[in-house]
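First listed ligand is number 1; within each ligand, the first listed atom is number 1.
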Amino acid sequence: MSSLPPDPSLYDHLDHVLVDEDSLRRRIREMGAQITRDFAGLPLTVVTILQGGAVFMADLIREIRLPLKLESISVASYHGGVESCGTVTFHQSRMPDLAGRHALILDDILDSGRTLDAILRRLREETEPLSLKTCVLLSKQLTRAVPIEADYRGFDIGDEFVVGYGLDYDGEYRNLPVVGVLKPEWIRPSP
Ligand code: 5GP
Ligand code: MG
């Protein structure tokens with residue numbers, strides 16, 4: 001079955017599409033195959049960083065042809081704007097139990113690196129996984145405040161604010177099936 005025609009009211013807000021549906025599907029299939037090879041025979045727990053990682057997680061885990069468990073961690077680092085404010089707020093006090101498991105941490109995008117860094121620190125301090133690996137759909141290459149790279153990454157992109165496929169602007173656009181760049185007129189000036 002072919003995919004639904006784009007809803008013009010959602011797509012109208014985009015200046016351009018950066019990663020289309022076919023490219024997402026193809027790349028996520030490759031990443032799933034790689035992860036399947038790397039974790040074959042191992043007890044795997046996929047830990048998704050919410051909310052941004054939810055759409056990526058849903059597609060990626062169906063391309064990982066292994067038994068696995070799912071956990072999530074909910075954080076905020078943007079607080080409604082288009083730039084990371086530098087502090088990472090955890091929405092829960094307990095980290096998932098990863099004892100005896102190989103953990104694969106999933107996020108939508110790696111930008112300054114502060115979010116993934118803060119999460120890895122807490123997981124290392126508070127849990128005892130057999131190993132800890134990271135996987136992001138998108139990686140901005142020029143914007144790191146912390147020297148960190150993901151073990152698995154889908155696409156390298158430039159330093160621009162993107163939405164769609166789980167990524168939001170002020171809570172919206174997460175359900176766009178593509179990754180795109182908003183038209184400037186849809187970005188409200190920060191107060
Ligand atoms: P970092 O802590 O690496 O600067 O940023 C990571 C988090 O900031 C991501 O999980 C994501 O929620 C958010 N983020 C970073 N870049 C973008 C972007 O271009 N668009 C959106 N919507 N969120 C972003
Ligand atoms: Mg995020």
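In the vicinity of E160, heavy-atom distances shorter than 4.0 Å reach the ligand 1 atoms 19 (O). For ligand 1 and G113, the ligand atoms under 4.0 Å from any heavy atom of the residue are 1 (P), 3 (O), 4 (O). Close contacts of ligand 1 with T115, meaning ligand atoms under 4.0 Å from a residue heavy atom, involve 1 (P), 2 (O), 5 (O), 6 (C), 7 (C). In summary, the atoms of ligand 1 found under 4.0 Å from a heavy atom of D107, numbered by their order in the structure, are 10 (O). For ligand 1 and S112, the ligand atoms under 4.0 Å from any heavy atom of the residue are 1 (P), 2 (O), 3 (O), 4 (O).
Among pairs with a residue in residues 154-167, those fulfilling salt bridge (charged side-chain N to carboxylate O under 4.0 Å, His left out) read R153-D156, at least two apart in sequence or across chains.
Taking 4.5 Å as the limit, some side-chain heavy atom of I35 sits within range of a side-chain heavy atom of Y152. Annotation: side chain of V179 is in contact with side chain of L138 (closest heavy-atom distance under 4.5 Å).
The CG atom of L44 lies 6.0 Å from the CD1 atom of I64; values are rounded to the nearest 0.5 Å. The CD1 atom of I49 sits 10.0 Å away from atom OG of S74, with the distance rounded to the nearest 0.5 Å.
The option from V181, D168, T143 that lies nearest to atom 22 (N) of ligand 1, judged by heavy atoms, is D168. Nearest to atom 11 (C) of ligand 1 by heavy atom, out of D111, I109, I157, is I109. Relative to atom 19 (O) of ligand 1, the option among K140, Q51, R114 with the closest non-hydrogen atom is K140.
Of the residues V46, T45, V47, the one that meets the side chain to side chain contact (heavy atoms under 4.5 Å, CB included) test with I105 is V47.
Considering both main-chain and side-chain atoms, Y169 never comes within under 3.5 Å of ligand 1 through any nitrogen or oxygen pair. Residue L116 has no nitrogen or oxygen atom sitting less than 3.5 Å from a nitrogen or oxygen atom of ligand 1, judged on distance alone. Remark: ligand 1 and V162 share an N or O pair separated by less than 3.5 Å (distance only, no angle test).
Not a single heavy atom of R144 sits closer than 4.0 Å to an atom of ligand 1. At least one heavy atom of F161 sits closer than 4.0 Å to an atom of ligand 1. The shell of residues lying under 4.0 angstrom from ligand 1, judged by heavy atoms, excludes G52.
Formation of a donor-acceptor pair under 3.5 Å by the T127 side chain with backbone atoms of L98 is not found in this model.
At a cut-off of 3.5 Å, with distance as the only test, a side-chain donor of S139 or R144 sits close to an acceptor on the other residue.
A cation-pi contact, defined as under 6.0 Å to the ring centre and within 45° of the axis, is absent between R174 and Y165.
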